[in-house]
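Notes follow the structure.
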Amino acid sequence: MNKLFVTLMLLCLGTASAQSVQSPSGEIVAEFKLDNTGRPFYTVTYKNQPVVTKSYMGFSLKDIGQFDSGFTITGTKSAVVNDSWKPVLGEVAVIQNKYNELSVSLRQQESGRLLNIIFRAFDEGIAFRYEFPKQDNLNYFVIASENTEFSLTDDHKTFWIPGDYDSQEYVYNETVLSQVDNDKLNLNNGIAVKSIGGRYIVQSPLMMKSKSGLYINIFEAAVVNYPVMHLNLNPETFKLTSQLVPNAVGDMAYLQAPAATPWRTVMVSDDARDIVAQKMILNLNEPSKIEDTSWIKPMKYVGIWWEMHVGVSTWDYSGTQDASQKKPTARKPHGATTENTKRYIDFAKKHGFDGVLVEGWNTGWEDWFGNWKEEVFDFTTPYPDFDIKEVTEYAKKQGVKMIMHHETSGSVSNYERRLDRAYKFMRDYGYGAVKTGYVGRIIPRGEFHDGQAMVNHFNYVPRRAAEYKVMVNSHESSRPTGVHRTWPNYIAAEAARGNEFNGWSDGNPPMHETILPFTRLLGGPMDYTPGIFEIKMKVYDPSKTEQVHTTLAKQLALYVTMYSPLQMAADLPENYEKYPDAFQFIKDVAADWQDTKVLEAEPGDYLTIARKAKGSEKWFLGAITDENARNTTITLNFLTPGKKYKAVIYQDGKNAHWKNDPINYEVKTVEVTSKTKLNLKLAAGGGTAISFVPVN
């Protein structure tokens with residue numbers, strides 16, 4: 001560990017000259033200044049190119065007034081940090097934390113109130129946050145608005161989804177900034193609850209590409225006790241302003257000094273691979289608060305889940321529901337029965353999976369959705385056909401872990417009241433992981449999924465779960481911002497449009513999975529639930545036209561390109577038994593990594609990643625493309641020099657196509673070394689997955 005701190009105190013009576021901080025490489029520079037009215041602003045450059053031009057900072061405080069002007073600089077401090085840390089689970093075994101820091105202390109002349117702004121310059125980008133120090137003139141206060149600006153230089157190409165306060169489950173739009181317009185979207189997209197904040201409000205992470213070839217991403221890190229930040233765009237000037245998500249009474253955040261906001265981040269590079277590989281978001285979060293992390297393990301699992309989405313069975317005992325919330329014409333069997341669960345346990349044991357998820361095991365599913373009902377589930381009462389004691393004992397004998405499911409239907413108040421009983425119930429029956437769900441409008445009524453109260457809830461659940469040694473996988477939550485460094489039992493989240501939408505809606509277009517690593521996955525691992533082999537839903541019902549918008553080979557590649565230490569083989573056991581040669585890759589692929597190499601990347605087009613399994617010499621590669629077929633050549637210089645490897649290649653067949661012929665694939669084996677070059681041919685909507693095993 002190497003830390004060097006340098007302090008420079010500058011006492012100023014009026015407006016100060018510019019203060020700047022640059023990244024360790026010297027390529028990225030943030031400059032801070034006050035204008036002649038005492039308004040703070042900043043700029044960001046990359047290799048002397050402007051990235052963010054003059055952008056103002058500050059707040060409006062409820063019942064207090066503006067807190068964004070009339071400042072003087074009372075002092076500055078600088079620091080140089082270079083150390084490293086080991087994530088409990090991750091894409092690499094060791095993460096370097098290297099940055100230069102500038103702290104600016106401000107005093108508002110008229111009120112005497114104090115504000116600090118902290119800048120950190122990493123080689124990946126710039127981060128800054130606001131700190132409200134303990135002071136006589138500011139104790140309890142309410143944020144009416146945060147007035148942080150990001151003034152961009154041009155009409156960048158942008159990958160965006162609307163600023164919905166309740167959902168991120170949208171297909172990405174690829175337009176220039178001036179064409180962002182939520183009013184033009186088709187909102188018949190399968191999302192249950194929509195709360196779009198305004199016509200030009202978009203979500204972060206916002207991924208952009210300039211005409212000069214710069215990749216720019218605006219996001220945030222360490223969102224704790226604060227609402228999620230969306231971005232309000234002026235499509236004529238290309239200025240983005242922070243748009244916080246309000247609470248039920250219209251306020252943004254309730255704080256008490258000393259307090260700090262989340263970090264606002266601007267990542268920039270002329271190489272798209274740097275955005276995907278960044279560790280800046282994690283580095284901006286606090287270290288783990290869990291001392292003994294030995295119980296936090298990666299998991300690959302199967303489960304009673306996809307069969308409900310495709311209409312084979314239902315969540316509820318009475319058999320009256322389906323995934324799209326449409327009334328079926330006939331009763332369907334209940335999925336979460338003792339007998340069916342044992343079938344999945346047997347399958348997990350046979351094929352080496354760690355766990356089995358069971359959804360629909362508990363009472364309450366008959367009227368769980370759409371009624372804004374407070375007490376739906378109690379999280380401890382099984383349906384009559386699910387004998388939890390028998391299932392637990394059977395799973396234990398087979399050496400398989402059970403994963404609990406807690407759907408809240410948005411009734412957070414009910415869940416928090418019952419949380420300790422639910423986790424005690426899990427501990428009594430040996431469940432070490434839980435998948436939580438938040439479908440529907442939030443209770444307390446009037447709150448949004450992305451507001452301060454819900455952010456606190458999503459951070460509270462893993463903290464409470466840690467006391468019971470429970471790992472958490474949240475669905476329909478606010479999107480992660482690296483907090484899993486602090487609570488490493490927060491093992492995964494959904495918080496984006498997942499694979500499930502392919503089962504009963506227009507689905508996810510082929511480019512969808514090439515965008516998520518540049519957006520949603522920057523904040524943490526995603527439970528995307530890949531591995532669907534029966535691509536077209538007409539297999540289950542000849543009248544169905546829905547399908548997965550990938551080839552089968554691409555579904556395999558997603559296990560490498562979509563990072564998560566919790567990976568599901570999401571399809572039905574019988575579908576895997578039809579294609580045992582392809583299924584072998586899912587059985588072999590790791591879920592926790594020693595090293596990761598981003599080999600190729602272009603948002604919305606393609607991505608190729610190689611990862612080395614932790615504690616092993618095995619490597620795995622995933623390459624995916626959008627709706628366009630693609631040929632590429634990969635040099636295997638990430639392999640250990642001098643070693644020979646058996647490469648098992650799972651690739652699209654000659655005539656494969658995501659729509660016309662998605663289950664056309666080939667498996668071949670070749671011997672390779674670090675000097676080998678492999679030619680990969682990806683079909684439209686296709687992919688390639690490769691396992692590399694050292695030859696003894």
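None of these values were measured; they are calculated from a predicted model.
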For [X], check ring-ring contact (aromatic ring centres under 6.0 Å, His included) against everything at least two apart and list the hits.
X    : result
F119 : F32, F128
Y130 : F59
F122 : Y99
F377 : W365

Polar side chain donor-acceptor pair, [X] to [Y], under 3.5 angstrom:
X    : Y    : answer
N459 : R463 : no
D164 : S167 : no
T519 : R479 : no
Y528 : E513 : yes
Y415 : H457 : no
Q203 : D450 : no

Nearest atoms (heavy-atom pairs only) where [X] meets [Y]:
X    : Y    : result
P488 : T293 : CG-CG2, 4.3 Å
I609 : T596 : CG2-CG2, 3.9 Å
S409 : W368 : CB-O, 3.2 Å
M280 : I126 : CE-O, 3.4 Å

[X] versus [Y]: any side-chain heavy-atom pair under 4.5 Å?
X    : Y    : result
H484 : I491 : no
E494 : R520 : no
W306 : I532 : yes
V598 : L607 : yes
Y490 : S474 : yes

Atom [atom1] of residue position [X] - does it have more than 12 heavy atoms of other residues, nucleotides or ligands inside 6.0 Å?
X    : atom1 : result
K134 : NZ    : no
K587 : NZ    : yes
K401 : NZ    : no

Can any side-chain N or O of [X] pair as donor or acceptor with the backbone N or O of [Y] at less than 3.5 Å?
X    : Y    : answer
N489 : V470 : yes
D166 : H449 : yes
R129 : P262 : no
Q96  : W85  : no

Next on the checklist: So, using side-chain contact (heavy atoms from CB on, under 4.5 Å) as the criterion, who are the partners of A590 when residues are at least two apart?
Outcome noted: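 With neighbours one apart ignored, the set is W593, A613, F620.
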Checklist entry - What residues, two or more places apart in sequence or in another chain, satisfy side-chain contact (heavy atoms from CB on, under 4.5 Å) together with D251? => result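 With sequence neighbours excluded, D251 shows a side-chain contact (heavy atoms from CB on, under 4.5 Å) to K62, V142, N247, V249, Y254, given in chain and number order.
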Identify, with sequence neighbours excluded, every residue that meets salt bridge (charged side-chain N to carboxylate O under 4.0 Å, His left out) alongside [X].
X    : answer
E146 : R264
R611 : E91
D595 : K597
R417 : E374, E375

Checklist entry - So F141 and F132, would you call those rings parallel, tilted or perpendicular, with 30° and 60° as cut-offs? => result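 Tilted.
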Checklist entry - Looking at Y165 versus H230, is the centre-to-centre ring distance below 6.0 Å? => result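 Ring-ring flag for Y165/H230: true, centres closer than 6.0 Å.
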Checklist entry - Would you say the ring centroid of H405 lies under 6.0 angstrom from that of W315? => result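 So the answer is no for these two rings.
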Next on the checklist: Strictly by salt bridge (Lys or Arg N to Asp or Glu O under 4.0 Å), give each pair with a member in residues 283-292 just once, sequence neighbours left out.
Outcome noted: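 Listed once each, the pairs are E286-K289, D292-K469.
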Which atom pairs, one a donor and one an acceptor, fall under 3.5 Å between side chains of residues 424-437 and the rest of the protein, sequence neighbours left out?
unit_1 : atom_1 : unit_2 : atom_2 : d
K424   : NZ     : D428   : OD2    : 3.1
K435   : NZ     : E359   : OE2    : 2.6

Checklist entry - Going from CD1 on I345 to NZ on K349, what distance comes out if it is rounded to the nearest 0.5 angstrom? => result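 Rounded to the nearest 0.5 Å, the CD1-NZ separation comes out at 11.5 Å.
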Item to check | Aromatic F501 / basic R497 pairing, under 6.0 angstrom, 45° off normal | outcome: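 Yes, R497 and F501 form such a contact.
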